[in-house]
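Heads up: the structure comes next, in C-alpha coordinates.
For ligands, and for the atoms within them, numbers begin at 1 and follow the listed sequence. Counting from 1, the numbers follow the sequence of the chain as shown.
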Amino acid sequence: MGIINKFSFIFLVIFLALSANAEVQRHRFVIQATKVKRLCKTHNTITVNGMFPGPTLEIKNGDTLEVQVVNKARYNVTIHWHGVRQMRTGWADGPEFVTQCPIRPGGSYTYRFTVQGQEGTLWWHAHSSWLRATVYGALIIRPREGKSYPFPKPKRETPILLGEWWDTNPIDVVREATRTEAAPNVSDAYTINAQPGDLYKCSSKETTIVPIDSGETNLLRVINVALNQPLFFKVANHKLTVVGADASYTKPFTTSVLMLGPGQSTDVLIRGDQPPSRYYMVTSVVLPIKIK
Ligand SMILES: *[C@@H]1O[C@H](CO)[C@@H](O)[C@H](O)[C@H]1NC(C)=O
Ligand SMILES: *[C@@H]1O[C@H](CO)[C@@H](O)[C@H](O)[C@H]1NC(C)=O
(Lines give C-alpha, C1' and ligand atoms only; values in the text may rest on other atoms or scores of the structure.)
(Ligands and ions follow the chains in the order given, each with its own letter.)
Protein backbone atom coordinates (compact mmCIF):
# COMPACT_ATOMS: atom_id res chain seq x y z
CA MET A 1 0.00 0.00 0.00
CA GLY A 2 1.54 3.33 -1.08
CA ILE A 3 1.59 6.39 1.15
CA ILE A 4 -1.34 8.05 -0.63
CA ASN A 5 -3.43 4.92 -0.36
CA LYS A 6 -2.56 4.51 3.29
CA PHE A 7 -3.72 8.08 3.95
CA SER A 8 -6.96 7.67 2.10
CA PHE A 9 -7.55 4.36 3.89
CA ILE A 10 -7.12 6.03 7.32
CA PHE A 11 -9.33 8.87 6.16
CA LEU A 12 -12.03 6.43 5.06
CA VAL A 13 -11.91 4.60 8.42
CA ILE A 14 -12.29 7.91 10.31
CA PHE A 15 -15.12 8.96 8.02
CA LEU A 16 -16.97 5.66 8.48
CA ALA A 17 -16.51 5.81 12.27
CA LEU A 18 -17.93 9.36 12.43
CA SER A 19 -20.88 8.65 10.19
CA ALA A 20 -21.76 5.28 11.80
CA ASN A 21 -25.51 4.85 11.81
CA ALA A 22 -26.17 8.46 10.76
CA GLU A 23 -29.02 8.48 8.26
CA VAL A 24 -30.34 10.80 5.61
CA GLN A 25 -34.10 11.15 6.03
CA ARG A 26 -36.10 12.42 3.08
CA HIS A 27 -39.51 14.06 3.40
CA ARG A 28 -41.89 15.93 1.13
CA PHE A 29 -43.94 18.79 2.58
CA VAL A 30 -46.82 19.90 0.37
CA ILE A 31 -48.10 23.30 1.52
CA GLN A 32 -51.80 23.31 0.68
CA ALA A 33 -55.21 24.63 1.72
CA THR A 34 -57.17 21.98 3.64
CA LYS A 35 -60.66 22.03 5.13
CA VAL A 36 -60.35 22.27 8.93
CA LYS A 37 -63.34 22.55 11.30
CA ARG A 38 -62.80 24.39 14.57
CA LEU A 39 -65.16 26.31 16.90
CA CYS A 40 -68.24 25.28 14.83
CA LYS A 41 -66.91 26.63 11.49
CA THR A 42 -64.99 25.08 8.57
CA HIS A 43 -62.00 27.00 7.23
CA ASN A 44 -59.65 26.62 4.28
CA THR A 45 -56.55 26.33 6.41
CA ILE A 46 -52.98 26.25 5.09
CA THR A 47 -51.36 22.97 6.21
CA VAL A 48 -48.51 20.62 5.38
CA ASN A 49 -49.69 17.44 3.59
CA GLY A 50 -53.26 18.16 4.74
CA MET A 51 -52.21 17.50 8.37
CA PHE A 52 -52.90 19.86 11.26
CA PRO A 53 -50.60 19.98 13.17
CA GLY A 54 -48.10 19.04 10.45
CA PRO A 55 -46.00 15.86 10.41
CA THR A 56 -43.73 15.08 13.35
CA LEU A 57 -40.14 14.56 12.20
CA GLU A 58 -38.27 11.97 14.27
CA ILE A 59 -34.50 11.74 13.82
CA LYS A 60 -31.35 10.77 15.72
CA ASN A 61 -28.56 13.10 16.72
CA GLY A 62 -26.21 13.20 13.71
CA ASP A 63 -28.89 12.50 11.08
CA THR A 64 -29.41 14.63 8.00
CA LEU A 65 -32.83 15.91 6.96
CA GLU A 66 -33.69 16.54 3.34
CA VAL A 67 -37.12 18.14 3.08
CA GLN A 68 -38.58 19.06 -0.29
CA VAL A 69 -41.17 21.81 0.22
CA VAL A 70 -43.73 22.05 -2.59
CA ASN A 71 -45.89 25.17 -2.44
CA LYS A 72 -49.45 24.50 -3.61
CA ALA A 73 -50.90 27.36 -1.54
CA ARG A 74 -51.69 30.87 -2.77
CA TYR A 75 -49.09 32.49 -0.49
CA ASN A 76 -45.30 32.71 -0.59
CA VAL A 77 -43.82 30.40 2.02
CA THR A 78 -40.55 29.29 3.65
CA ILE A 79 -39.95 26.77 6.46
CA HIS A 80 -37.76 27.51 9.49
CA TRP A 81 -36.21 24.69 11.58
CA HIS A 82 -36.63 26.34 14.94
CA GLY A 83 -33.63 25.88 17.24
CA VAL A 84 -31.52 23.80 14.84
CA ARG A 85 -27.91 24.99 14.85
CA GLN A 86 -27.24 25.28 11.13
CA MET A 87 -23.55 24.39 11.06
CA ARG A 88 -22.24 25.46 7.62
CA THR A 89 -25.82 25.30 6.20
CA GLY A 90 -27.05 28.79 7.05
CA TRP A 91 -28.98 28.92 3.77
CA ALA A 92 -31.25 26.11 5.06
CA ASP A 93 -32.42 28.17 8.07
CA GLY A 94 -35.53 29.51 6.35
CA PRO A 95 -36.53 33.08 7.38
CA GLU A 96 -37.86 34.68 4.19
CA PHE A 97 -35.76 37.47 2.70
CA VAL A 98 -33.01 36.72 5.27
CA THR A 99 -31.51 33.39 4.18
CA GLN A 100 -33.62 32.81 1.06
CA CYS A 101 -36.25 34.20 -1.26
CA PRO A 102 -39.71 32.83 -0.47
CA ILE A 103 -40.99 29.78 -2.36
CA ARG A 104 -43.63 31.15 -4.72
CA PRO A 105 -47.00 29.46 -5.28
CA GLY A 106 -46.28 26.59 -7.70
CA GLY A 107 -42.59 26.50 -6.74
CA SER A 108 -40.51 24.18 -4.58
CA TYR A 109 -37.28 24.22 -2.57
CA THR A 110 -35.28 21.48 -0.85
CA TYR A 111 -33.80 22.08 2.61
CA ARG A 112 -30.83 19.91 3.54
CA PHE A 113 -29.04 20.04 6.89
CA THR A 114 -27.51 17.84 9.57
CA VAL A 115 -28.60 17.98 13.22
CA GLN A 116 -25.46 17.53 15.30
CA GLY A 117 -24.91 17.75 19.06
CA GLN A 118 -28.54 18.48 19.90
CA GLU A 119 -31.00 16.04 21.56
CA GLY A 120 -34.57 16.57 22.71
CA THR A 121 -37.42 18.54 21.19
CA LEU A 122 -37.43 21.30 18.59
CA TRP A 123 -40.03 22.19 15.94
CA TRP A 124 -40.47 23.60 12.47
CA HIS A 125 -42.82 26.31 11.21
CA ALA A 126 -43.58 28.56 8.26
CA HIS A 127 -41.53 31.77 8.33
CA SER A 128 -43.62 33.96 6.01
CA SER A 129 -46.29 36.38 7.20
CA TRP A 130 -48.52 34.59 9.76
CA LEU A 131 -48.61 31.20 8.03
CA ARG A 132 -46.94 29.74 11.10
CA ALA A 133 -50.33 30.04 12.84
CA THR A 134 -51.21 26.72 11.16
CA VAL A 135 -48.04 25.51 9.40
CA TYR A 136 -46.02 23.84 12.18
CA GLY A 137 -44.93 20.49 13.60
CA ALA A 138 -42.58 18.83 16.09
CA LEU A 139 -38.95 17.86 15.41
CA ILE A 140 -37.81 15.10 17.77
CA ILE A 141 -34.09 14.33 18.09
CA ARG A 142 -33.28 11.07 19.87
CA PRO A 143 -29.83 9.86 20.97
CA ARG A 144 -27.57 8.11 18.44
CA GLU A 145 -27.93 4.35 18.04
CA GLY A 146 -26.56 2.56 21.10
CA LYS A 147 -26.93 5.67 23.31
CA SER A 148 -29.80 6.33 25.68
CA TYR A 149 -31.55 9.19 27.48
CA PRO A 150 -29.95 10.40 30.73
CA PHE A 151 -33.24 9.40 32.48
CA PRO A 152 -35.21 6.12 32.65
CA LYS A 153 -36.67 5.18 29.27
CA PRO A 154 -40.31 6.40 29.13
CA LYS A 155 -43.01 3.92 28.10
CA ARG A 156 -44.55 6.35 25.60
CA GLU A 157 -43.62 9.73 24.17
CA THR A 158 -46.13 12.37 23.07
CA PRO A 159 -45.51 15.78 21.47
CA ILE A 160 -47.75 18.44 23.03
CA LEU A 161 -47.96 21.55 20.84
CA LEU A 162 -49.47 24.57 22.60
CA GLY A 163 -50.91 26.85 19.94
CA GLU A 164 -53.46 29.48 19.00
CA TRP A 165 -56.46 29.45 16.69
CA TRP A 166 -58.09 32.40 14.93
CA ASP A 167 -61.70 32.06 13.85
CA THR A 168 -60.71 33.86 10.65
CA ASN A 169 -57.79 33.80 8.21
CA PRO A 170 -54.63 34.62 10.26
CA ILE A 171 -53.09 36.29 7.17
CA ASP A 172 -56.02 38.77 7.16
CA VAL A 173 -55.41 39.45 10.87
CA VAL A 174 -51.78 40.47 10.38
CA ARG A 175 -52.56 42.40 7.16
CA GLU A 176 -55.28 44.38 8.95
CA ALA A 177 -52.91 45.12 11.86
CA THR A 178 -50.17 46.33 9.48
CA ARG A 179 -52.65 48.51 7.55
CA THR A 180 -54.28 50.10 10.61
CA GLU A 181 -51.10 50.11 12.75
CA ALA A 182 -53.25 48.69 15.58
CA ALA A 183 -52.42 45.63 17.67
CA PRO A 184 -53.49 42.44 15.83
CA ASN A 185 -56.72 40.77 16.93
CA VAL A 186 -56.08 38.23 19.67
CA SER A 187 -56.71 34.54 18.90
CA ASP A 188 -60.09 32.90 19.59
CA ALA A 189 -58.77 29.74 21.26
CA TYR A 190 -55.65 28.25 22.80
CA THR A 191 -55.04 24.77 21.48
CA ILE A 192 -53.22 21.54 22.37
CA ASN A 193 -52.08 19.66 19.24
CA ALA A 194 -54.30 22.05 17.25
CA GLN A 195 -57.41 21.05 19.23
CA PRO A 196 -59.25 23.65 21.36
CA GLY A 197 -60.63 21.02 23.76
CA ASP A 198 -64.10 20.50 25.18
CA LEU A 199 -64.17 23.71 27.23
CA TYR A 200 -64.66 25.62 23.94
CA LYS A 201 -67.90 25.62 21.89
CA CYS A 202 -68.49 22.70 19.44
CA SER A 203 -65.15 21.17 20.42
CA SER A 204 -65.93 17.94 22.27
CA LYS A 205 -64.51 16.01 19.30
CA GLU A 206 -61.66 18.52 18.85
CA THR A 207 -59.99 17.47 22.09
CA THR A 208 -56.53 15.96 22.55
CA ILE A 209 -56.45 12.86 24.76
CA VAL A 210 -53.16 11.39 25.98
CA PRO A 211 -53.51 7.91 27.52
CA ILE A 212 -51.30 6.93 30.47
CA ASP A 213 -51.49 3.48 32.06
CA SER A 214 -51.34 3.08 35.83
CA GLY A 215 -47.77 3.06 37.08
CA GLU A 216 -46.29 3.93 33.69
CA THR A 217 -43.95 6.89 33.12
CA ASN A 218 -44.35 8.81 29.88
CA LEU A 219 -42.48 11.66 28.23
CA LEU A 220 -44.38 14.76 27.11
CA ARG A 221 -42.51 16.96 24.67
CA VAL A 222 -44.21 20.32 25.25
CA ILE A 223 -43.66 23.07 22.67
CA ASN A 224 -45.09 26.59 22.61
CA VAL A 225 -46.01 27.12 18.93
CA ALA A 226 -48.17 30.21 19.66
CA LEU A 227 -47.46 33.35 17.65
CA ASN A 228 -46.51 35.80 20.40
CA GLN A 229 -48.03 34.44 23.58
CA PRO A 230 -46.22 32.96 26.61
CA LEU A 231 -48.30 29.99 27.82
CA PHE A 232 -48.71 27.98 31.01
CA PHE A 233 -49.22 24.20 30.96
CA LYS A 234 -50.51 21.89 33.66
CA VAL A 235 -52.01 18.43 34.10
CA ALA A 236 -54.57 18.22 36.91
CA ASN A 237 -53.34 16.33 40.02
CA HIS A 238 -50.04 15.36 38.43
CA LYS A 239 -46.46 16.44 38.95
CA LEU A 240 -44.14 16.97 35.99
CA THR A 241 -40.41 16.20 36.06
CA VAL A 242 -38.49 18.49 33.71
CA VAL A 243 -35.67 16.61 31.94
CA GLY A 244 -34.94 18.83 28.93
CA ALA A 245 -35.49 22.22 27.31
CA ASP A 246 -34.84 23.46 23.76
CA ALA A 247 -33.00 20.25 22.76
CA SER A 248 -30.66 20.19 25.79
CA TYR A 249 -30.96 17.90 28.80
CA THR A 250 -31.47 19.53 32.21
CA LYS A 251 -30.80 18.36 35.74
CA PRO A 252 -34.23 16.80 36.51
CA PHE A 253 -36.55 18.79 38.77
CA THR A 254 -40.21 18.43 39.67
CA THR A 255 -42.90 21.07 39.24
CA SER A 256 -46.66 21.20 38.83
CA VAL A 257 -46.77 23.91 36.17
CA LEU A 258 -44.67 24.94 33.15
CA MET A 259 -44.37 28.35 31.54
CA LEU A 260 -43.03 28.49 27.99
CA GLY A 261 -42.27 31.53 25.86
CA PRO A 262 -43.24 31.30 22.18
CA GLY A 263 -40.80 29.00 20.39
CA GLN A 264 -39.55 27.25 23.53
CA SER A 265 -39.83 23.55 24.33
CA THR A 266 -39.74 21.63 27.63
CA ASP A 267 -39.55 17.83 27.98
CA VAL A 268 -41.25 16.42 31.08
CA LEU A 269 -41.81 12.97 32.56
CA ILE A 270 -45.28 12.25 33.91
CA ARG A 271 -46.22 9.19 35.97
CA GLY A 272 -49.61 7.49 36.07
CA ASP A 273 -49.61 7.60 39.90
CA GLN A 274 -53.19 8.81 40.42
CA PRO A 275 -56.41 6.75 40.51
CA PRO A 276 -57.41 5.84 36.91
CA SER A 277 -59.68 8.62 35.62
CA ARG A 278 -59.67 11.52 33.17
CA TYR A 279 -57.55 14.50 34.20
CA TYR A 280 -57.59 17.82 32.40
CA MET A 281 -54.49 18.94 30.57
CA VAL A 282 -54.66 22.74 30.30
CA THR A 283 -52.84 25.51 28.52
CA SER A 284 -53.68 29.12 29.35
CA VAL A 285 -52.33 32.65 29.50
CA VAL A 286 -52.89 32.82 33.25
CA LEU A 287 -51.69 30.38 35.86
CA PRO A 288 -54.15 27.45 35.69
CA ILE A 289 -55.95 26.58 38.90
CA LYS A 290 -56.06 23.05 40.22
CA ILE A 291 -59.00 21.16 38.77
CA LYS A 292 -60.53 18.77 41.32
C1 LIG B 1 -42.90 36.28 -3.15
O2 LIG B 1 -41.66 35.71 -3.45
C3 LIG B 1 -41.02 36.30 -4.58
C4 LIG B 1 -39.75 35.53 -4.95
O5 LIG B 1 -39.33 34.59 -4.06
C6 LIG B 1 -40.71 37.75 -4.29
O7 LIG B 1 -40.10 38.37 -5.39
C8 LIG B 1 -42.02 38.47 -3.96
O9 LIG B 1 -41.75 39.80 -3.56
C10 LIG B 1 -42.73 37.76 -2.82
N11 LIG B 1 -44.05 38.38 -2.56
C12 LIG B 1 -44.38 38.83 -1.35
C13 LIG B 1 -45.76 39.39 -1.23
O14 LIG B 1 -43.63 38.75 -0.39
C1 LIG C 1 -60.73 42.04 14.24
O2 LIG C 1 -61.66 42.26 15.25
C3 LIG C 1 -62.64 43.28 14.91
C4 LIG C 1 -63.49 43.53 16.16
O5 LIG C 1 -64.03 42.33 16.66
C6 LIG C 1 -63.47 42.77 13.73
O7 LIG C 1 -64.43 43.72 13.35
C8 LIG C 1 -62.53 42.47 12.56
O9 LIG C 1 -63.27 41.90 11.48
C10 LIG C 1 -61.44 41.51 12.99
N11 LIG C 1 -60.48 41.34 11.90
C12 LIG C 1 -60.26 40.18 11.28
C13 LIG C 1 -59.24 40.20 10.19
O14 LIG C 1 -60.82 39.14 11.57
Side-chain angles (χ1 to χ4, degrees), residues 27-49 52-54 65-82 84 86 89-113 124-137 161-191 194-197 199-203 206 224-231 262-263 283-286:
H27 297 272
R28 191 175 142 94
F29 278 14
V30 180
I31 313 289
Q32 61 188 78
T34 306
K35 290 212 180 319
V36 169
K37 185 182 148 275
R38 292 291 183 276
L39 307 181
C40 327
K41 252 168 56 188
T42 300
H43 297 256
N44 262 326
T45 298
I46 306 299
T47 65
V48 168
N49 301 347
F52 184 47
L65 273 169
E66 200 176 286
V67 184
Q68 185 198 19
V69 177
V70 179
N71 187 4
K72 292 193 178 164
R74 60 192 174 99
Y75 304 105
N76 274 354
V77 72
T78 61
I79 301 288
H80 173 57
W81 315 94
H82 195 106
V84 172
Q86 297 283 358
T89 46
W91 51 85
D93 197 43
E96 70 170 2
F97 299 119
V98 180
T99 59
Q100 69 174 108
C101 285
I103 310 165
R104 291 177 201 244
S108 82
Y109 181 82
T110 301
Y111 295 86
R112 195 175 203 279
F113 55 91
W124 55 265
H125 62 82
H127 209 302
S128 310
S129 181
W130 265 20
L131 285 178
R132 73 178 187 280
T134 58
V135 176
Y136 59 76
L161 289 76
L162 312 178
E164 294 184 87
W165 174 259
W166 276 263
D167 202 14
T168 180
N169 183 346
I171 303 296
D172 294 341
V173 175
V174 71
R175 281 186 182 158
E176 181 185 71
T178 315
R179 198 176 57 240
T180 60
E181 293 180 22
N185 284 3
V186 295
S187 55
D188 296 287
Y190 292 107
T191 58
Q195 311 290 352
L199 299 175
Y200 285 101
K201 60 181 177 178
C202 309
S203 302
E206 282 80 42
N224 182 343
V225 305
L227 270 86
N228 305 300
Q229 187 64 62
L231 288 169
T283 185
S284 72
V285 287
V286 291

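- Looking only at distances, a side-chain donor or acceptor of Arg132 sits under 3.5 Å from a matching main-chain atom of Leu227.
- Checking Trp91, Trp81, Trp124 one by one against Phe113, the ring pair (Phe, Tyr, Trp, His ring centres under 6.0 Å) holds for a single residue, Trp81.
- Using modelled atom types, no side-chain atom of Asp172 and backbone atom of Glu176 make a donor-acceptor pair closer than 3.5 Å.
- Of all the atoms in ligand 1, the ones that sit under 4.0 Å from a non-hydrogen atom of Asn76 are 1 (C), 2 (O), 3 (C), 8 (C), 10 (C), 11 (N), 12 (C), 14 (O).
- Shortest contact from atom 9 (O) of ligand 2 to any protein heavy atom: Glu176 OE2, 4.3 Å.
- Protein heavy atoms are absent from the 4.0 Å sphere centred on atom 4 (C) of ligand 2.
- Looking at ligand 1, you won't find any N or O of Glu96 less than 3.5 Å from one of its N or O atoms.
- Here is the list of ligand 1 atoms found below 4.0 Å of a heavy atom in Cys101: 5 (O).
- Partner of His43 under the side-chain hydrogen bond (donor to acceptor under 3.5 Å, both in side chains) criterion, out of Thr168, Asp167, Asn169: Asp167 alone.
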Show your reasoning for whether side-chain hydrogen bond (donor to acceptor under 3.5 Å, both in side chains) applies to Gln68 and Thr110.
-> CA-CA 4 Å; Gln68 185 198 19; Thr110 301; 4.8 Å; no
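- Counting heavy atoms from C-beta outward, Thr47 and Ile31 have side chains that stay 4.5 Å or more apart.
- The nearest protein atom to atom 7 (O) of ligand 1, hydrogens excluded, is given as Arg104 NH2, 3.8 Å; this is a heavy-atom distance.
- Inside a 4.0 Å radius of atom 11 (N) of ligand 2 there is at least one protein heavy atom.
- Within ligand 2, the atoms closer than 4.0 Å to a non-hydrogen atom of Thr168 are 14 (O), numbered from 1 in the order shown.
- Checking side-chain atoms of Tyr111 against main-chain N and O of Leu65 turns up no donor-acceptor pair under 3.5 Å.
- With respect to atom 6 (C) of ligand 2, the closest heavy atom belonging to the protein is Asn185 ND2, 4.2 Å.
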